[in-house]
2 protein chains.
Amino acid sequence: MIDHSADRAVFRQLADLLRDQIKSGELGPGEPLPSELRLAQDYGISRTTVRQAIGQLRTEGLVTVDRPRGTFVRVPEPVEVVPLARGERVSARMPTDAERRKHRLGEGTPVLVVTAPDGTETVHPADRVHLTRP
Amino acid sequence: MIDHSADRAVFRQLADLLRDQIKSGELGPGEPLPSELRLAQDYGISRTTVRQAIGQLRTEGLVTVDRPRGTFVRVPEPVEVVPLARGERVSARMPTDAERRKHRLGEGTPVLVVTAPDGTETVHPADRVHLTRP
DNA sequence: GTCAATTTGTGCGTATGTATG
DNA sequence: ACATACATACGCACAAATTGA
């Protein structure tokens, strides 16, 4: 499972293992991950290292933490499709703190920024909005 | 500066301080932050806590680490504009570790995902690519 | 309602490795 | 060769919130 002599850091190896379980469906949306203590004991590593691995998955937007209930596989949000107008441009970035609060964004969720030809910017939560060219 | 009795965690307070210095231009693009050890001594906190604060700024895409030279305010990348074809859809998410390495993405940089009508997905680094509806 | 157990959050210290200058 | 600086990993302790007996 975990190879301490490997080139890849232990916490990245654990993140890879958990990510694979999520992508394969072995850990489905809404399901809890084992507790940090449990993971540490199961894999013979420290809780600090487990937290690094889970931190990685949080920044990737794969899991959410409901403290102190546990850590859960993120459940996909219903997506609204927004059409693009002619000449509009699209970029993406991480939200500011204010935007995070305003849109109730989870960790690891970027925002889509639509810029109109006149320079007006519209910000959309990337987990709830997709854009389309009609 | 740092209030140990405050409600907000010490590492978040430090992240706030550094973020403010970056946003205000006091720390300009390309400029180095003080070293972790220096920040720890200056603010009377542990290096571990300093690393938590810097980790925060990294996930926000505000700084990059050039190990072991130091930690620097991120410099904006030149942007390529890619036109969208009819029927294509756009979403954004954080990259996996593998995608980060593949596209040489800095931390805190999302990817733009373009899905063609036939389901084919194209991934673009969001710091170097903008999309446009012609 | 109370109390104990569980779980994540925060913070500290230490040690070692690796790459740069 | 040496000092500097970030990365990884371990350990410990306590706080805060939830859950269930």
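Chain letters run A, B, ... following the sequence lines, proteins first and then strands; every chain starts at 1.
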Starting at [atom1] of [X] and ending at [atom2] of [N], how long is that distance when rounded to a whole Å?
X	N	atom1	atom2	answer
B:D7	C:dG11	CG	P	12 Å
B:L14	C:dT10	CG	C1'	14 Å
A:R51	C:dT7	CZ	C1'	10 Å

query = For B:H103 and B:H124, what are the C-alpha separation, side-chain angles and deciding distance, and is it a side-chain contact (heavy atoms from CB on, under 4.5 Å)?
reply = CA-CA 8 Å; B:H103 295 287; B:H124 302 281; over 6 Å; no
key: Pair B:D97 + B:R101, salt bridge at N-O below 4.0 Å   = yes
Quick check: do [X] and [Y] have side-chain heavy atoms less than 4.5 Å from each other?
X	Y	answer
B:V123	B:R93	yes
B:Y43	B:T49	no
A:L131	B:L131	no

query = What pair of heavy atoms forms the shortest contact from A:R86 to B:P134, and how long is it?
reply = CG-O, 3.5 Å
message = Any residue in residues 52-66 of chain B with a heavy atom nearer than 4.0 angstrom to DNA chain D? Just list them by number, or reply none.
response = B:R58, B:V65
side-chain contact (heavy atoms from CB on, under 4.5 Å) between B:L112 and B:R128, intermediate numbers included = CA-CA 10 Å; B:L112 284 161; B:R128 295 193 291 267; over 6 Å; no
message = Please classify the nucleic acid contact of A:R8 as base, sugar-phosphate, or nothing, using heavy-atom distances under 4.0 Å.
response = nothing
ask   = Hey, can you pull the residues of residues 30-41 of chain A with a non-hydrogen atom under 4.0 angstrom from DNA chain C?
value = A:S35, A:E36
key: Test side-chain contact (heavy atoms from CB on, under 4.5 Å) applied to B:I45 and B:H4, step by step   = CA-CA 10 Å; B:I45 59 183; B:H4 283 266; 4.1 Å; yes
ask   = Taking the side chain from A:Q13 and the backbone from A:R8, do they hold a donor-acceptor pair closer than 3.5 Å?
value = yes
query = Quick check: does any side chain N or O of B:E99 sit under 3.5 Å from a backbone N or O of B:T96, one acting as donor and the other as acceptor?
reply = yes
query = Which residues pass the side chain to side chain contact (heavy atoms under 4.5 Å, CB included) test with B:A15, sequence neighbours left out?
reply = B:R19, B:A53, B:Q56, B:L57
Range on DNA chain D touched by chain A, heavy atoms, distance below 4.0 Å = D:dT8 to D:dT19
inquiry  = If you count heavy atoms of other groups shown closer than 6.0 angstrom to CG of A:D118, is the number above 12?
reply    = yes
Please list, for nucleotides 15-17 of chain C, all pairs of protein and nucleotide N/O atoms separated by less than 3.5 Å.
residue : atom : partner : partner atom : Å
C:dG17  : N2   : B:R67   : NH2          : 3.0

message = Closest-nucleotide mapping onto DNA chain D: is B:R69 or A:R12 further toward the 5' terminus? I mean the 5' end.
response = B:R69
request  = Return the nucleotide paired to D:dT8: Watson-Crick means purine N1 to pyrimidine N3 with N6-O4 or O6-N4, wobble means G-U with N1-O2 and O6-N3, both under 3.5 Å.
outcome  = C:dA15
Below 3.5 Å, can you tabulate the donor-acceptor pairs from side chains in residues 70-83 of chain B to any protein atom, sequence neighbours excluded?
residue : atom : partner : partner atom : Å
B:R74   : NH1  : B:E107  : O            : 3.4
B:R74   : NH1  : B:T109  : OG1          : 2.7
B:R74   : NH2  : B:E107  : O            : 2.7

